[in-house]
*Asks:* 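Quick one: the structure is below, and I'll ask about it shortly.
Just so we're clear, the structure is a prediction, and the values are computed from it rather than from any experiment.
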Amino acid sequence: MTEHGAASPAGRTAGGALGVDLHLEPVGPGLRRGLTDALREAVRTGRLTPGTRLPSSRSLAADLGIARNTVAEAYAELVAEGWLTARQGSATRVADRTVTPPTGTTAAPRPERPRPAYDLVPGTPDLAAFPRAEWLKAARRAFLAAPNGALGYGDPRGHAELRTALAGYLARARGVRADPGRIVVCSGFVHGLQLLGRVLRARGLRTVAVESYGLPPHWTQLTAAGLTTRPLPFDELGTNPAELTSQGAVLLTPAHQFPMGLPLHRDRRATVVDWARRTGGLVLEDDYDGEFRYDRQPVGALQGLDPDNVVYLGTASKSLAPGLRLAWMVLPPTLVDEVTAAKGGSDTCGVLDQLTLAEFLTSGAYDRHVRAARLRYRRRRDALVRALSTHAPHLRVTGIAAGLHAVLRLPPGTERSVVQAATWQGMALHGLTAYRHEKATTDPLDALVVGYGTPPDHAWAGALEALCRVLP
């Protein structure tokens, strides 16, 4: 707006360097009237929400190039009408009032689903136990030590500090043969799987072998990349790779099969590696919760046996929190350039969280957190086993030597009714059927997949009582 009353250009931002930014498009024949109408319309339609702080009259006047009194008079009129509030010594703010939606807005807001009283769905750790204080300390140290260049677009593989820290940790804790130059940081496991799917399809692959039981979203990502998923048989020794032929790639959870909970038998580990070497196939190793084991020696990563044919995928989602959106791939040398190109020309993961995780790893804070979490989850696992032995001794619980979930076998034909009863009681609980591949040839089993990671400590006893009430 000019002193002659013309409307300011569309998209003009008001507020100036001395105040908050405010986007206005004043219209009308006069200065004060045009500004008053623009502010009133912004409040009426909800673009300026109740409580929003407005620029001072001096800042807004300077940015629009008009007299300060003009802004002050517009503010005063809207305060008198009840659109704004102003107190001596305090900023002018939007008043608390009912907002009239713009014309044409007819869609009703979608009602939120009530949160379950107890969440026993596997896949999420105890978010209440996230090490906030230690994470903040690590973030401060990392941020203060970071050079200015660290805040740029960055290497598409991820920040060098994190890739170096991961290489050391994975070699020490998981037996991975890692080099920082072969690590690519990604925004979660699914992001890594998307990148790999695109690369495999570009290489001409058509089929990826998967496990009979697993996560459907992972199969969906491969399908979206133009690949067909073909399930392998499953028995008491875990996934059977004997049917691996010309698929070109296989997705496995060898350290702790999800959701059945078995480690891949040592003979079958050898079979998978032999297949990869003989055919040039790729093994996609999902090591989603390798840090958590209780009654057994740790099972090292399959990648350590054949780093030229195994892609190792790890994540912070179980050990820390999925909201960090940090995962990593350790790639065979022949895949690094293709995956890096698929990711794009710059890093797509937040550099501050990368630097913080690097500091968390190198300072030893990550190891301390994992050890404490391992003890906490073991106590929950033990309480689950005791409760089942007391209230449902006829049911067999398996897959409890590691991880954050257990498999509870049910009498044939009862899984659906138990899951439904859990829902009626406000409990989120999944049956094994939800994780079975639609083309699996393995005989279906009735079972529950009970996650014990999500409920906080204070809610675990109540969750166990609720679980036992719905068991047959």
*Asks:* Measure the acute angle between the ring planes of His256 and His405, then classify it against the limits of 30° and 60° as parallel, tilted or perpendicular.
*Replies:*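 Answer is tilted, since the angle falls between 30° and 60°.
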*Asks:* Please report the shortest heavy-atom distance between Leu326 and Asp353, naming the atom on each side.
*Replies:* CD1-O, 3.8 Å
*Asks:* Kindly indicate whether the side chain of Leu215, heavy atoms from C-beta on, has any atom under 4.5 Å from the side chain of Tyr435.
*Replies:*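 The answer is yes, as the side chains (C-beta and beyond) meet within the 4.5 Å cut-off.
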*Asks:* Are the side chains of Leu166 and Val176 in contact, using a 4.5 Å heavy-atom criterion?
*Replies:*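 The answer is no, as the side chains (C-beta and beyond) never meet within the 4.5 Å cut-off.
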*Asks:* Do any N or O atoms from the side chain of Gln257 and from the backbone of Gly238 form a donor-acceptor pair under 3.5 angstrom?
*Replies:*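 No, Gln257 side chain to Gly238 backbone: no donor-acceptor pair under 3.5 Å.
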*Asks:* So among Thr442, Thr239, Asn240, which one has a side-chain hydrogen bond (donor to acceptor under 3.5 Å, both in side chains) with Glu211?
*Replies:*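 Among the candidates, only Thr239 passes.
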*Asks:* Of the options Arg380, Lys318, Arg379, which is the one that meets Asp126 in a salt bridge (charged side-chain N to carboxylate O under 4.0 Å, His left out)?
*Replies:*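 Testing each of Arg380, Lys318, Arg379 against Asp126, the sole residue satisfying salt bridge (charged side-chain N to carboxylate O under 4.0 Å, His left out) is Arg380.
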*Asks:* Is the closest side-chain heavy-atom distance between Leu395 and Leu388 below 4.5 Å?
*Replies:*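 In short, these two side chains do not touch, never coming nearer than 4.5 Å.
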*Asks:* With rounding to the nearest 0.5 angstrom, report the CG to CZ distance, Leu237 to Arg266.
*Replies:*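 Here the rounded value is 10.0 Å.
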*Asks:* For Leu48 and Leu22, run side chain to side chain contact (heavy atoms under 4.5 Å, CB included): C-alpha distance rounded to whole Å, both residues' side-chain angles, the deciding distance at 0.1 Å, then the answer.
*Replies:* CA-CA 9 Å; Leu48 292 180; Leu22 179 61; 3.6 Å; yes
*Asks:* Where is the tightest heavy-atom contact between Ala342 and Arg198, given as atom of each residue plus distance?
*Replies:*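 Nearest pair, atom of Ala342 first, then Arg198: O-NH2, 3.1 Å.
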*Asks:* What distance do Leu357 atom CG and His159 atom NE2 have between them, rounded to the nearest 0.5 Å?
*Replies:* 12.5 Å
*Asks:* When you compare the side chains of Gln303 and Asp287, does any donor N or O come within less than 3.5 Å of an acceptor on the partner?
*Replies:* no
*Asks:* Do Val299 and Pro254 have side chains that get closer than 4.5 Å, going by heavy atoms?
*Replies:* no
*Asks:* Are there over 12 heavy-atom neighbours, none belonging to Phe143, within less than 6.0 Å of that residue's CZ?
*Replies:* no
*Asks:* Just jot down the side-chain contact (heavy atoms from CB on, under 4.5 Å) partners of Gln425, sequence neighbours excluded, or say none.
*Replies:*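 By the side-chain contact (heavy atoms from CB on, under 4.5 Å) rule, Gln425 matches Arg469, Val470.
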*Asks:* Quick one: does Arg374's side chain have a donor or acceptor within less than 3.5 Å of a partner on Glu291's backbone?
*Replies:*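 Yes: the side chain of Arg374 pairs with the backbone of Glu291.
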*Asks:* Heavy-atom count check: over 12 atoms from other residues, nucleotides or ligands less than 6.0 Å from Arg416 CZ?
*Replies:* no
*Asks:* Could you report the tightest heavy-atom contact between Asp347 and Gly158, atom names first, then the distance?
*Replies:*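 Taking every non-hydrogen atom into account, OD2-CA, 3.6 Å.
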*Asks:* Do Leu352 and Leu151 come close enough that some side-chain heavy atom pair is under 4.5 Å?
*Replies:*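 Yes, their side chains come closer than 4.5 Å.
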*Asks:* Does the side chain of Val407 reach to within under 4.5 Å of the side chain of Leu445, using non-hydrogen atoms?
*Replies:* no
*Asks:* Tell me whether Arg93 contacts the main-chain N or O of Gly51 through its side chain, where contact means a donor paired with an acceptor under 3.5 Å.
*Replies:* yes
*Asks:* Output the distance between atom CZ (Arg230) and atom CG (Leu244), rounded to the nearest 0.5 Å.
*Replies:*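 Between atom CZ of Arg230 and atom CG of Leu244 there are 10.5 Å.
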*Asks:* Hey, is the main chain of Gly304 close enough, under 3.5 Å, to the side chain of Arg177 for a donor-acceptor pair?
*Replies:*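 Yes; at least one donor-acceptor contact below 3.5 Å.
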*Asks:* When rounded to the nearest 0.5 angstrom, what is the spacing between CD in Gln247 and CZ in Arg206?
*Replies:* 14.5 Å
*Asks:* Among Met329, Arg163, Lys343, which one satisfies side chain to side chain contact (heavy atoms under 4.5 Å, CB included) with Arg157?
*Replies:*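 Per the side chain to side chain contact (heavy atoms under 4.5 Å, CB included) rule, the option paired with Arg157 is Arg163, out of Met329, Arg163, Lys343.
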*Asks:* Listed by chain and number, what are the side-chain contact (heavy atoms from CB on, under 4.5 Å) partners of Ala224, not counting sequence neighbours?
*Replies:* none
*Asks:* Quick one: does any side-chain atom of Arg325 pair with a main-chain N or O of Pro322 as donor and acceptor, under 3.5 Å?
*Replies:* yes
*Asks:* Quick check: Tyr294 with Tyr377 (ring centres under 6.0 Å apart)?
*Replies:*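 No, the ring of Tyr377 stays outside the 6.0 Å limit from the ring of Tyr294, centre to centre.
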*Asks:* I'd like to know if Asp308 pairs up with Arg277 as an ion pair, taking the criterion as any Lys NZ or Arg NE/NH1/NH2 lying under 4.0 Å from an Asp or Glu carboxylate oxygen.
*Replies:* no
*Asks:* So do Arg182 and Pro333 actually touch side chain to side chain, heavy atoms under 4.5 Å?
*Replies:*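 Sidechains of Arg182 and Pro333: in contact.
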*Asks:* Go through Trp328 and Leu162 one step at a time and tell me if the side chain to side chain contact (heavy atoms under 4.5 Å, CB included) criterion holds.
*Replies:* CA-CA 10 Å; Trp328 42 87; Leu162 178 55; 5.7 Å; no
*Asks:* Can you say whether the rings of His218 and Phe189 are parallel (under 30°), tilted (30 to 60°) or perpendicular (over 60°)?
*Replies:* tilted
*Asks:* Of all heavy-atom pairs between Ser187 and Cys349, which one has the smallest distance, and what is that distance?
*Replies:*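 What the structure gives for the nearest pair is OG-SG, 3.4 Å.
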*Asks:* Take a 6.0 Å sphere around CG of Asp267 and say whether it holds more than 12 heavy atoms from other residues, nucleotides or ligands.
*Replies:* yes
*Asks:* Are the side chain of Thr454 and the backbone of Thr124 linked by a donor-acceptor contact shorter than 3.5 Å?
*Replies:*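 Yes; judged by distance alone, with no hydrogens or angles, the pair exists.
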*Asks:* Can you tell me how the ring of Phe234 sits relative to the ring of Tyr213, calling it parallel under 30°, perpendicular over 60° and tilted otherwise?
*Replies:*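 Perpendicular.
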*Asks:* Do any N or O atoms from the side chain of Glu243 and from the backbone of Pro233 form a donor-acceptor pair under 3.5 angstrom?
*Replies:*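 No; judged by distance alone, with no hydrogens or angles, the pair does not exist.
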*Asks:* Are Arg381 and Asp295 close enough that some pair of their side-chain heavy atoms sits under 4.5 Å apart?
*Replies:*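 Contact flag for Arg381/Asp295 side chains = yes.
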*Asks:* Calculate, to the nearest 0.5 Å, the distance between atoms CG and OH belonging to Leu120 and Tyr452 respectively.
*Replies:*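 Between atom CG of Leu120 and atom OH of Tyr452 there are 12.0 Å.
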*Asks:* Backbone N or O of Pro472 within a donor-acceptor pair of the His394 side chain at under 3.5 Å?
*Replies:*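 Yes, the answer is positive, given that a donor and an acceptor are paired below the 3.5 Å cut-off.
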*Asks:* Within the distance-only criterion (no hydrogens, no angle test), does the side chain of Asp446 pair as donor or acceptor with the backbone N or O of Gly413 below 3.5 angstrom?
*Replies:*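 At least one qualifying donor-acceptor pair exists.
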*Asks:* If you compare all heavy atoms of Leu313 against all heavy atoms of Gly192, which two are closest, and at what distance to 0.1 Å?
*Replies:* CD2-C, 4.4 Å
*Asks:* Evaluate the side chain to side chain contact (heavy atoms under 4.5 Å, CB included) criterion for residues Tyr118 and Leu429: first the C-alpha distance (whole Å), next the side-chain angles of each, then the deciding distance (0.1 Å), finally the verdict.
*Replies:* CA-CA 9 Å; Tyr118 301 107; Leu429 183 65; over 6 Å; no
*Asks:* Testing the basics here: between Gly281 and Trp275, what is the closest heavy-atom pair and its distance to 0.1 Å?
*Replies:* CA-CH2, 3.8 Å
*Asks:* How many angstroms lie between atom CG of Leu252 and atom CG of Leu284, to the nearest 0.5 angstrom?
*Replies:*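 So the gap between those two atoms works out to 8.0 Å.
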*Asks:* Checking the side chain of Ser389 only, and the main-chain atoms of Arg386 only, is there a donor and an acceptor separated by less than 3.5 Å?
*Replies:* yes
*Asks:* Tell me if the CZ atom of Arg172 is crowded by more than 12 foreign heavy atoms within 6.0 Å.
*Replies:*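 Yes, CZ of Arg172 has more than 12 neighbouring heavy atoms, counting only those of other groups under 6.0 Å.
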